[in-house]
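Data first, discussion second: the structure below is written as structure tokens.
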Amino acid sequence: MAAVEIVSFGYLHGEPPAAHLTVDLRHHFRDPHIDPRLRYMTAHDEPVRRTVLATPGIADLIEATATAVTAFISGPSAGPVTVADGCAGGRHRAPAFAMALAERLRAAGLTVTLSHRDLDKPVVHR
């Protein structure tokens with residue numbers, strides 16, 4: 001069974017991790033950070049996940065990313081596939097997206113590891 005590694009991260013905390021596929025969520029999807037009620041929460045909190053996953057286009061992007069992962073796995077060179085997805089601070093959009101993608105891929109029978117490089121770092125004030 002193919003293995004998939006998903007890493008969420010924040011661009012404001014450093015360079016993206018090495019990956020076969022990098023998804024940049026910064027510019028096309030509204031940042032929950034702008035809502036003072038959500039700013040100090042993370043993707044571990046249901047209101048953040050609900051807000052991110054209700055954003056127009058996110059469900060389609062999760063599905064498209066899952067399709068891309070399947071394409072990588074179907075290639076002639078076997079081996080794990082790494083997906084990195086990033087937002088500004090790595091606490092809201094990227095980890096919520098990563099969690100949903102991991103759930104989608106596991107439901108398809110893939111072995112998935114999930115890590116959040118920057119989720120537990122302090123809020124970036126901008």
Side-chain angles (χ1 to χ4, degrees):
M1 183 169 309
V4 179
E5 177 185 9
I6 302 172
V7 181
S8 74
F9 69 95
Y11 283 93
L12 295 175
H13 293 289
E15 292 297 315
H20 298 96
L21 179 63
T22 301
V23 180
D24 185 343
L25 301 168
R26 292 177 294 175
H27 304 290
H28 294 91
F29 302 101
R30 189 168 181 258
D31 188 354
H33 175 91
I34 65 171
D35 183 339
R37 295 169 299 171
L38 302 176
R39 183 168 300 146
Y40 292 94
M41 292 183 186
T42 71
H44 289 308
D45 298 299
E46 178 59 31
V48 170
R49 287 192 309 277
R50 188 174 49 248
T51 297
V52 170
L53 297 178
T55 303
I58 284 288
D60 291 337
L61 186 58
I62 290 166
E63 195 58 37
T65 306
T67 298
V69 167
T70 302
F72 276 104
I73 290 170
S74 299
S77 299
V81 174
T82 302
V83 177
D85 69 292
C87 61
R91 294 171 47 92
H92 299 106
R93 290 169 290 181
F97 179 90
M99 291 171 183
L101 178 62
E103 181 179 308
R104 164 65 178 78
L105 295 172
R106 287 179 182 131
L110 298 175
T111 301
V112 178
T113 59
L114 174 61
S115 63
H116 305 291
R117 186 186 80 183
D118 302 319
L119 182 129
D120 293 324
K121 291 189 177 163
V123 170
V124 177
H125 295 281
R126 28 188 170 122

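Predicted model only: the values in this text are computed from it and were never measured. All residue numbers in this chain count up from 1 along the given sequence.
- Summarising the geometry of Ala94 relative to Cys87, their closest heavy-atom pair is N-SG, 3.4 Å, with the distance given to 0.1 Å.
- Remark: Asp24 engages Arg26 in a salt bridge (charged side-chain N to carboxylate O under 4.0 Å, His left out) (not counting sequence neighbours).
- The line from CD of Glu46 to OG1 of Thr51 is 9.0 Å long, rounded to the nearest 0.5 Å.
- Under the rule for a side chain to side chain donor-acceptor pair (under 3.5 Å), the partners of Asp35 that lie at least two apart in sequence or sit in another chain are Arg37.
- Residue Tyr40 belongs to a hydrophobic cluster whose other members are Val123, with links defined by side-chain heavy atoms closer than 4.5 Å.
- Rounded to the nearest 0.5 angstrom, Ile6 CD1 and Leu101 CG are separated by 4.0 Å.
- Note on ring orientation: taking the six-membered ring where Trp is involved, the planes of His33 and His92 are perpendicular (angle over 60°, cut-offs 30° and 60°).
- Of the possible donor and acceptor atoms, one in the side chain of Arg49 sits under 3.5 Å from a partner among the backbone N and O of Ala43.
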* Asked: Step by step, would you call Phe29 with Leu61 a side-chain contact (heavy atoms from CB on, under 4.5 Å)?
  -> CA-CA 11 Å; Phe29 302 101; Leu61 186 58; 3.7 Å; yes

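- Using modelled atom types, no side-chain atom of Asp60 and backbone atom of Gly57 make a donor-acceptor pair closer than 3.5 Å.
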* Would you please test Glu5 and His20 for side-chain contact (heavy atoms from CB on, under 4.5 Å) and show each step? => CA-CA 10 Å; Glu5 177 185 9; His20 298 96; over 6 Å; no

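- With sequence neighbours left out, Ala100 forms a side chain to side chain contact (heavy atoms under 4.5 Å, CB included) with Leu53, Ile62.
- Val124 is linked by a side chain to side chain contact (heavy atoms under 4.5 Å, CB included) to Leu12, His13, counting only residues two or more places apart in sequence or in another chain.
- Residues passing the side chain to side chain donor-acceptor pair (under 3.5 Å) test with Arg91: none are found, sequence neighbours excluded.
- Counting only residues at least two apart or in different chains, side chain to side chain donor-acceptor pair (under 3.5 Å) contacts with residues 113-125 comprise Ser8-His116, Asp118-Lys121.
- In summary, of the residues considered (Asp31, Thr55, Asp85), a side-chain hydrogen bond (donor to acceptor under 3.5 Å, both in side chains) with Arg93 occurs for Asp31 alone.
- A search for side chain to side chain donor-acceptor pair (under 3.5 Å) contacts involving Glu15 returns nothing, not counting sequence neighbours.
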* Decide yes or no on side-chain contact (heavy atoms from CB on, under 4.5 Å) for Thr65 and Leu21, but give the supporting numbers first. => CA-CA 9 Å; Thr65 306; Leu21 179 63; 3.8 Å; yes

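- Note that CZ of Phe9 and CG of Leu119 are 13.5 Å apart. Values are rounded to the nearest 0.5 Å.
- Under a 4.5 Å side-chain heavy-atom criterion applied to ILVMFWY residues, the cluster that includes Val7 comprises that residue alone.
- In terms of the salt bridge (charged side-chain N to carboxylate O under 4.0 Å, His left out) criterion, residue partners of Glu63 (sequence neighbours excluded) are, by chain and number, Arg104.
- Atom CG of residue Leu114 and atom CG of residue Leu105 lie 10.5 Å apart, to the nearest 0.5 angstrom.
- Grouped by direct or indirect side-chain proximity (heavy atoms under 4.5 Å, Ile/Leu/Val/Met/Phe/Trp/Tyr only), Leu38 sits with Met41, Val48, Val52.
- Partners of Arg30 according to the salt bridge (charged side-chain N to carboxylate O under 4.0 Å, His left out) rule, which considers only residues two or more places apart in sequence or in another chain, do not exist here.
- Phe97 and Tyr11 are not part of a single hydrophobic cluster, where members link through side-chain heavy atoms under 4.5 Å apart.
- Arg106 and Glu103 are not joined by a salt bridge, as no carboxylate oxygen comes within less than 4.0 angstrom of a charged side-chain nitrogen.
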